Enquirer: 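Could you have a look at this structure, given as structure tokens, before my questions?
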Amino acid sequence: RHAVAQVDRVGVFSTNETADDISTADLQYVLAPFYLSEVVSRTRTPDPSSRLPIVTEAAENHELFLSMCETYELLPGGAAVARRRQRESP
């Protein structure tokens, strides 16, 4: 959680950048929300009722990762189109 917040706070990326503008060394930071989502989703809980907040946090971080990929034009064409359709559907 700290790493994702730190990447945002330091301003490693700008919303007007594309994949070509991001240095190779900084590309690893695009993956921070994805890895956080993976770690959070594997959190064990004592009972099923306490699982919802964990699943919600994992989904939010996964969405953040996909949004970053879309913003920086890292998604292949088909995936970008599918995300647009998903947002436009009711």
Side-chain angles (χ1 to χ4, degrees):
R1 291 179 184 107
H2 179 71
V4 172
Q6 191 70 3
V7 168
D8 188 47
R9 186 175 23 260
V10 172
V12 174
F13 304 109
S14 170
T15 55
N16 64 351
E17 291 179 316
T18 64
D20 294 334
D21 301 322
I22 300 172
S23 74
T24 304
D26 288 343
L27 277 174
Q28 64 186 334
Y29 301 116
V30 171
L31 291 170
F34 171 78
Y35 286 126
L36 179 57
S37 174
E38 288 292 305
V39 168
V40 168
S41 71
R42 293 183 179 151
T43 302
R44 298 194 185 277
T45 58
D47 61 292
S49 64
S50 61
R51 185 93 177 114
L52 182 60
I54 292 169
V55 171
T56 301
E57 182 182 354
E60 288 169 354
N61 281 292
H62 191 74
E63 179 59 32
L64 175 60
F65 166 69
L66 290 174
S67 294
M68 287 175 70
C69 288
E70 189 173 25
T71 298
Y72 304 119
E73 300 174 359
L74 296 169
L75 291 177
V81 169
R83 281 194 45 82
R84 258 184 258 117
R85 284 186 188 148
Q86 181 185 21
R87 275 195 310 276
E88 292 169 359
S89 68

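Everything quoted here is computed from the prediction, not taken from an experiment. Reckoned from all heavy atoms, side chains included, excluding hydrogens, waters and symmetry mates.
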Enquirer: Cut-off 3.5 Å, no hydrogens considered: what does the side-chain donor-acceptor table look like for residues 33-40, sequence neighbours left out?
Expert:
{"unit_1": "S37", "atom_1": "OG", "unit_2": "A58", "atom_2": "O", "d": "2.9"}
{"unit_1": "E38", "atom_1": "OE1", "unit_2": "R42", "atom_2": "NH2", "d": "3.2"}

Enquirer: Would you name the heavy atoms of S50 and D47 that are closest together and state the gap between them?
Expert: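 Taking S50 first and D47 second, the nearest heavy atoms are OG-O, 2.9 Å.
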
Enquirer: Tell me every residue that passes side chain to side chain donor-acceptor pair (under 3.5 Å) with E73, counting only those two or more places apart in sequence or in another chain.
Expert: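 In terms of side chain to side chain donor-acceptor pair (under 3.5 Å), with neighbours along the sequence ignored, E73 is linked to no residue.
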
Enquirer: Please tell me if the side chains of V30 and C69 come closer than 4.5 Å, counting only heavy atoms from C-beta onward.
Expert: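 They are in contact (side-chain heavy atoms under 4.5 Å apart), so the answer is yes.
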
Enquirer: For R83, give me all partners under salt bridge (charged side-chain N to carboxylate O under 4.0 Å, His left out), at least two apart in sequence or on another chain.
Expert: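 So R83 forms a salt bridge (charged side-chain N to carboxylate O under 4.0 Å, His left out) with E63, E70.
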
Enquirer: Quick one: does T56's side chain get under 4.5 Å of E60's, heavy atoms only?
Expert: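 Yes, side chains in contact.
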
Enquirer: Is the side chain of R51 donor-acceptor paired with the backbone N or O of T43 at a distance under 3.5 Å, no angle test?
Expert: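 Indeed, once roles are kept as given, a pair shorter than 3.5 Å links the two residues.
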
Enquirer: Is L27 reachable from L64 through a run of I, L, V, M, F, W or Y residues, each pair having side-chain heavy atoms under 4.5 Å apart?
Expert: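 Yes; L27 is reachable from L64 via cluster members.
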
Enquirer: Quick check for you: to the nearest 0.5 Å, what is the distance between L66 atom CG and L74 atom CG?
Expert: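 Answer for the CG-CG pair, L66 versus L74, is 11.0 Å.
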
Enquirer: Quick one: pull up CD in E57 and CG in L52 and give me the separation to the nearest 0.5 Å.
Expert: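 If we round to the nearest 0.5 Å, E57:CD and L52:CG are 12.0 Å apart.
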
Enquirer: Measure across Q86 and S89 and return the closest heavy-atom pair with its distance rounded to 0.1 Å.
Expert: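 So the two residues come closest at O-OG, 3.0 Å.
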
